[in-house]
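Have a look at the structure below before the remarks.
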Amino acid sequence: MTRADTFDELRAAMDGSVLVPGDPDYDGARLIWNGAIDRYPAVVARCTSPADVAEALACARDRGLEVAVRGGGHGYWGAAVPEQGLMIDLSPLDGVVVDPVARRARVGGGAKLAQLDAACQEHGLAVPAGTVSHTGVGGLTLGGGFGWLTPLHGLSIDNLESAEVVLADGTCVRASADEHPDLFWALRGGGGNFGVVTEFEFRLHPVGPIVHLGMLFVEQDRAAHAIRTARDAFGSVPTGISPGIAGICAPPAPFVPERHHGAPGVAAIMVGFGTAEEHAAALAPLREALDPLFEVVMPLPYVALQQMLDEGTFWGIRAYTKGLYLDELPDAAVDVLADRLSTRTSPLSELLIFPFGGAYAEVADADTAFGGSRSMRYVVAIEGMAPDPEAYLRERQWVRDTWDALRPAAVGPGTYVNLMSEADEGALRAAYGSEKYERLSRIKARYDPGNVFSVNANIKPA
Ligand SMILES: Cc1cc2nc3c(=O)[nH]c(=O)nc-3n(C[C@H](O)[C@H](O)[C@H](O)COP(=O)(O)OP(=O)(O)OC[C@H]3O[C@@H](n4cnc5c(N)ncnc54)[C@H](O)[C@@H]3O)c2cc1C
């Protein structure tokens with residue numbers, strides 16, 4: 001292969017387009033959300049069908065090229081982009097078809113959350129997904145997928161009914177509870193290791209279209225007070241309220257009073273999926289205990305809630321992330337969180353704490369491959385983000401140091417695979433635990449014995 005190689009045989013075999021260096025769309029395809037990732041695939045296969053995916057896999061096999069799969073391009077460490085390899089770009093496969101009677105959605109493997117949410121909300125329906133609408137359904141779901149609906153309806157994978165998968169040898173199968181149940185289990189948490197998912201089928205729930213946002217913002221000097229108070233209040237929120245704690249800088253958004261734009265602090269968030277009265281009643285004692293600097297309490301469409309954090313995590317920003325699971329949020333951990341928040345230097349970096357429970361905790365650990373216990377109470381995401389390279393390196397160190405400082409409060413060394421910025425075998429074994437890792441590894445040996453899908457949070461075939 002040379003740089004001038006135009007991959008004519010792949011071009012002729014595929015319905016979708018094939019991009020090589022020099023093509024006008026090539027840079028747009030190789031660049032992903034994380035601006036710190038700058039790699040050059042030998043070829044990008046923009047797949048429009050399972051048959052296109054099979055052709056791309058055959059081409060990679062014939063030429064001995066490494067394969068990577070791009071869903072929404074939001075994987076932190078750039079698993080979507082193979083240096084000098086073949087990128088299977090699923091972005092043309094972004095259709096969402098909703099059956100409102102059966103409450104099911106069929107979603108293309110390259111769709112974004114924005115497309116999923118918009119199509120489902122046309123029928124007043126939704127499925128749990130992430131909190132930023134430009135994230136890909138593919139990677140998010142295959143790692144687990146949590147968001148505002150998780151306390152009510154579980155993870156994205158808990159609502160997966162079936163998946164259409166192109167395997168490493170090019171065959172296309174459907175995985176569900178009845179067909180290839182081992183593969184179906186592995187897809188629900190095991191990442192992109194087992195094949196290319198060209199279509200997800202989700203069960204949907206009635207949601208909105210109007211939901212209720214309550215965000216009470218407390219300034220940085222009282223960060224520990226804010227986190228502790230929110231923790232105590234969130235221990236007993238009624239069903240229908242989804243809580244979160246965000247160590248952020250107040251965004252320059254129209255709903256934030258101008259004099260507070262950029263103020264560092266902690267936002268205690270309650271999203272209400274029931275009535276305005278229920279939401280107000282849940283919020284009132286928290287407001288009183290917090291004495292917030294300012295607050296944003298308003299009804300808004302569910303799709304707007306899903307877009308609320310989009311601008312703070314814009315495309316091309318440099319990012320480094322680590323996650324932790326906590327069973328408790330003891331005062332000592334709260335103090336660490338408050339202290340670490342005061343030391344970040346980029347206003348875009350953030351600490352997010354999502355209390356779990358509710359529907360999340362109703363699924364048995366062994367039912368899915370998800371790398372996290374269902375009894376775990378908190379997911380902490382430490383997100384370092386900055387637009388320029390130097391600040392990015394500082395924030396990366398801030399993330400690592402914060403993670404180390406919080407480790408004493410964490411449940412073992414495990415973490416959510418979708419919040420990893422590095423994923424070696426040791427870290428993955430810790431993320432899944434030995435038993436799940438071994439089971440995944442046996443399933444990998446059955447469906448991808450040659451480890452064709454290796455540019456990912458890679459589970460080695462047994
Ligand atoms: C701004 C931002 C916000 C986030 N918010 C949340 C959140 O609220 N909740 C949450 O759970 N996670 C969240 N995440 C983490 C997110 O789940 C992961 O980054 C996820 O990997 C993104 O998936 P993607 O398809 O966009 O990424 P990609 O980089 O395209 O893919 C990530 C991995 O999944 C594989 N993959 C993707 N699609 C497919 C497919 N169809 N078939 C086979 N393999 C596939 C890829 O090969 C790669 O290994 C967020 C990430 C970012 C950057």
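Side-chain atoms are counted along with the backbone in the values below, which use heavy atoms only and exclude waters and symmetry mates. Order of listing sets the numbers, starting from 1, for every ligand and every atom in it.
Aromatic pair F146/F356: ring centres closer than 6.0 Å. Within the 6.0 Å centre-distance limit, the rings of W315 and H74 are counted as a close aromatic pair.
For ligand 1, the atoms closer than 4.0 angstrom to any heavy atom of G138 are 37 (C), 38 (N). Close contacts between ligand 1 and A80 involve ligand atoms 29 (O), 30 (O) [criterion: under 4.0 Å to a heavy atom]. Close contacts between ligand 1 and L90 involve ligand atoms 40 (C), 41 (N) [criterion: under 4.0 Å to a heavy atom]. Ligand 1 places these atoms under 4.0 Å from at least one heavy atom of G109: 41 (N). Listed by number with element, the atoms of ligand 1 under 4.0 Å from a non-hydrogen atom of R70 are 30 (O). Interface of G192 with ligand 1, defined as ligand atoms under 4.0 Å from a residue heavy atom, comprises 44 (N). Of all atoms in ligand 1, listed by their number and element, those nearer than 4.0 Å to a heavy atom of N456 are 49 (O). Short contacts between ligand 1 and A79, defined as distances under 4.0 Å to a heavy atom of the residue, involve ligand atoms 48 (C), 49 (O).
Although no hydrogens or angles enter the test, the distance criterion places no donor-acceptor pair under 3.5 Å between the side chain of W398 and the main chain of G384.
Because its NZ or CZ atom is both nearer than 6.0 Å to the ring centre of W185 and within 45° of the ring axis, R439 counts as a cation-pi partner of that residue. Because its NZ or CZ atom is not both nearer than 6.0 Å to the ring centre of F234 and within 45° of the ring axis, R231 does not count as a cation-pi partner of that residue. Both the sub-6.0 Å distance and the 45° axial angle are satisfied by R63 relative to the ring of F7. Remark: R104 is not positioned above the aromatic ring of F202, lacking an NZ or CZ atom under 6.0 angstrom from the ring centre and at most 45 degrees off the axis. Taking the centre and axis of the six-membered ring of Y360, the NZ or CZ atom of R374 falls inside the cone set by 45° and 6.0 Å.
For atom 13 (C) of ligand 1, the closest non-hydrogen atom on the protein side is L140 CD1, 3.8 Å. Annotation: atom 4 (C) of ligand 1 to nearest protein heavy atom, T135 OG1, 4.0 Å. For atom 19 (O) of ligand 1, the closest heavy atom belonging to the protein is H74 O, 2.9 Å. The protein heavy-atom contact nearest to atom 41 (N) of ligand 1 is V197 O, 2.9 Å. Regarding atom 11 (O) of ligand 1, its nearest protein heavy-atom neighbour is Y416 OH, 2.6 Å. Shortest contact from atom 24 (P) of ligand 1 to any protein heavy atom: G72 N, 3.4 Å. Closest to atom 17 (O) of ligand 1 among all protein heavy atoms lies N418 ND2, 3.0 Å.
Both the backbone and the side chain of V69 come within contact range of ligand 1, each with a heavy atom under 4.0 Å. Under 4.0 angstrom from ligand 1, there are no non-hydrogen atoms of F453. Under 4.0 Å from ligand 1, the heavy atoms of T313 that appear belong solely to its side chain. If you look at I32 next to ligand 1, there are no close heavy atoms at all, none under 4.0 Å. Of the heavy atoms in L142, only side-chain atoms (C-beta onward) come closer than 4.0 Å to ligand 1.
A distance of 13.0 Å separates CG of L348 from CZ of R318, quoted to the nearest 0.5 Å. Put simply, OG1 on T131 and CG on L309 are 5.5 Å apart, with the number rounded to the nearest 0.5 Å.
Any N or O atom pair closer than 3.5 Å counts here, and T131 shares at least one such pair with ligand 1. Where the criterion is an N or O separation shorter than 3.5 Å, residue side chain and backbone included, G73 meets it with respect to ligand 1. Considering backbone and side-chain N/O of L419, none are found under 3.5 Å from N/O of ligand 1. Considering both main-chain and side-chain atoms, G130 never comes within under 3.5 Å of ligand 1 through any nitrogen or oxygen pair. Ligand 1 has no nitrogen or oxygen under 3.5 angstrom from a nitrogen or oxygen of G147.
F194 places none of its side-chain heavy atoms less than 4.5 Å from the side chain of N456. In this structure the side chain of K444 reaches within 4.5 angstrom of the side chain of N458, judged on heavy atoms.
Using a 4.0 angstrom heavy-atom cutoff, G195 counts as in contact with ligand 1. Using a 4.0 Å cutoff on heavy atoms, G191 does not count as a contact of ligand 1.
The aromatic rings of H180 and Y447 lie perpendicular to each other, with more than 60° between the two planes, well past the 30° mark. Aromatic ring orientation, Y392 versus Y320: perpendicular (interplanar angle above 60°, classes split at 30° and 60°). Ring geometry for Y432 versus Y437: interplanar angle of 30 to 60°, hence tilted.
Among F146, W77, Y76, the residue whose heavy atom sits closest to atom 51 (C) of ligand 1 is Y76. Taking all heavy atoms of G139, G78, S454 into account, the minimum distance to atom 23 (O) of ligand 1 is reached by G139.
A donor-acceptor contact closer than 3.5 angstrom links the side chains of S91 and D89.
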